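Okay, structure first, notes after.
All of these numbers come straight from a predicted model, not from anything done at the bench. Order of the sequence lines sets the chain letters (A, B, ...), proteins ahead of strands, with each chain counted from 1.
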Amino acid sequence: MTTTTTTTTRRRSGDRVRWWTYALLILAAFTCLFPLYWMFVVATTDTATATRLPPEILPGGNFFRLAGLVFSTVPFVQSIINSLIVAGVIGAGQAVLCALAGFAFAKLRFRGRDVLLLVVVLTMTVPTQLAIVPQYMIVSWLNWTDTLQALIVPGLANAFGIFWMRQHISSAISDEILQAARIDGASTWQIFWRIVFPLVRPAAFVLGLLGFVTAWNDFLWPFVVLKSPEMYTVQIAIKALQNSFNIDLGLAMSGSFLATLPLLVLFAFVGRRMVAGIMDGAFKG
Amino acid sequence: MAPYAYIAPFFVIFAVFGLLPLLFTFYVALYDWNPIGDHLFIGLDNFARLLADARFWNAARNTLSIWLLSTVPQLLGALLLAHLLNHVRLRFALLFRMSMLVPYITSVAATAIVFSQMFDRDYGLLNWLLGLAGIGPIDFIQSVWGSHVLIAVMVTWRWFGYTTLLYLASLQAVPRGIYEAAAVDGAGNWRQFVHISLPSLRPVIVFTVVTSTIYGLQIFTEPLLISKGTQTCGPVRQCQTLTFFLYEQAFGQFRFGYGSAIGVALFVMVVVLAGINYFLSTRIRPERP
């Protein structure tokens, strides 16, 4: 994520930016942000206001009343903790496991390496979700239904992440450095932790972030595996709010807003690095 | 021995939760498999039933329709926006890029809840605006086309910014000198876009078409939440997708065998799509500038 994203020399030559360029980009940004604003507006108004025409365009004063209702209808604090555990372990775990495997594929020699790498690449194409029935059966045989490890352990394998870390390690670390370290008596394990991982930490960080976001937002698998409300992740808690007999329209919206807020805060701090990471992982010409 | 230890965690997890279930899907699909009852071997009966099942073809049609409605505007919009963002003197470039990634970090569940409110027949913002123009109200959730459009809008909203960033990265890899040479030769903005930008984007366009197709086959949460949790996505299954049909059969009706047969059908579709992708990308590569 170091070289190409911000170099102005590579961009289209410098004719002036027309006003309609800004107009279209502002329209696109507005389109992206408005639904979140609207979520907040409905999450702060009571049912009577939410069903009034013309609709309220400004937030009302009921945010805390509705948030309180969210917390009393479902164990929402617990579901946020569950989501933090699941997404946190998956994000950190993917960053480390993918860096390890990416390092082996990039810099170590062993029999069957190319075939195994091909297997990794092929698994990127097939969505494992289509095998959800046997996945559920395996998780029941392990007695893992209604537990968080049923979400965490399968979520740790990320073929795309291995491929991505392999690319980074191949290009960021020269064989000479590794040979020099070997001559100095470093073991492979020490080389990984003292030389390789520190150098690719930014890439591993972005990978972990993407893993965190994906796990936080995952729906179908937790929906199938989790049964009791204390085990719910936030996404399943939102679904439960939508089902609840409480007729307050703002309730599900308030839950949605509260479930999105942690990611928005995170994004405010690391969004720049996510943008750079996604663009860096993209195809280059 | 050591190198294998580095890749073992991935392969062990993948074997248990990825490969084994995939192979097992083909096995279970040959059975009339009740999770709390009997397992009866019935050969290919599930597949014969599937091909004769109007609900399956309905789900396939819905999936295709939602995919078309979401992919075409998404990719065209991303092309335009990437072109606009790829400008030397653009101000607030990072702000524009970051705001386009906000939908991607918003969960599908939250997205579905806010969009079904905005598109609500009676109290939705959109129908209120349409009403001012003398149109509607349109029932986006109960009608076939309406529900497809609503789901496609959500999918497009979620992914167009991400796709824009992928296209922008590809555009930035094109050396500036090529554009300058074209400008000297009198090529305007549009011709530069068609003759330089577009050809260099071809590989990433193929990639995004394939990923959006595979995503399209997995659409589940949007139809489940807009129909407020009904197993069929409305009375006439108007928005039931293939993955939703799999879920309904396996976990709503407890027909694990039949659900697995739907999984096999999805697998065949993915393999065919991956084959087309491989064919296209090997055909396209030599033409790159």
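Proximity to chain A involves both the backbone and the side chain of B:Val16, based on heavy atoms less than 4.5 angstrom apart. Using a 4.5 Å cut-off between heavy atoms, B:Leu246 touches chain A through its side chain atoms alone. Of the two parts of B:Thr106, the backbone and the side chain both hold a non-hydrogen atom closer than 4.5 Å to a non-hydrogen atom of chain A. Using a 4.5 Å cut-off between heavy atoms, B:Tyr27 does not touch chain A at all. Contacts of B:Phe24 with chain A are made by both backbone and side-chain atoms, with heavy-atom separations under 4.5 Å. For B:Leu94, the part sitting under 4.5 Å from any heavy atom of chain A is the side chain, from C-beta outward, and nothing else.
Between B:Phe14 and A:Val120 there is no side-chain heavy-atom pair separated by less than 4.5 Å. The side-chain heavy atoms of A:Leu25 and B:Phe92, taken from C-beta on, include no pair separated by under 4.5 Å. The shortest distance between side-chain heavy atoms of A:Leu210 and B:Tyr104 falls below 4.5 Å. Within the 4.5 Å cutoff, the side chain of A:Gln235 has no heavy atoms near those of the B:Thr221 side chain. The closest side-chain heavy-atom distance from B:Tyr4 to A:Arg111 is below 4.5 Å.
The choice from A:Leu122, A:Leu266, A:Thr21 that makes the most heavy-atom pairs within less than 4.5 Å of chain B is A:Thr21. Taking A:Cys98, A:Ala29, A:Pro35 one by one and counting their heavy-atom pairs under 4.5 Å with chain B, the maximum is reached by A:Pro35.
Ring-plane geometry between A:Phe223 and B:Phe220 is classed as tilted, the angle between the planes lying from 30 to 60 degrees on a 0 to 90 degree scale. Between A:Trp189 and B:Tyr6, the ring-plane angle classifies as tilted under the 30° and 60° cut-offs.
Residues A:Val133 and B:Phe251 approach most closely at CA-CZ, 4.3 Å, considering heavy atoms. When all heavy atoms of A:Met279 and B:Leu165 are compared, the closest pair comes out as CG-O, 3.6 Å. Closest of all the heavy-atom pairs between B:Gly18 and A:Thr128 is CA-CG2, 4.2 Å. Summarising the geometry of B:Phe160 relative to A:Cys32, their closest heavy-atom pair is CZ-SG, 3.5 Å, with the distance given to 0.1 Å. In terms of heavy atoms, B:Phe11 sits closest to A:Leu116 at CZ-O, 3.6 Å. Contact between A:Leu97 and B:Pro9 at its shortest, heavy atoms only, is CD2-CB, 3.6 Å.
For the side-chain contact (heavy atoms from CB on, under 4.5 Å) test with B:Pro21, the passing option among A:Ile132, A:Ile138, A:Val139, A:Leu130 is A:Ile138; the others fail.
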field: Steps toward side chain to side chain contact (heavy atoms under 4.5 Å, CB included) verdict (A:Trp216, B:Ile105)
entry: CA-CA 9 Å; A:Trp216 182 276; B:Ile105 63 156; over 6 Å; no
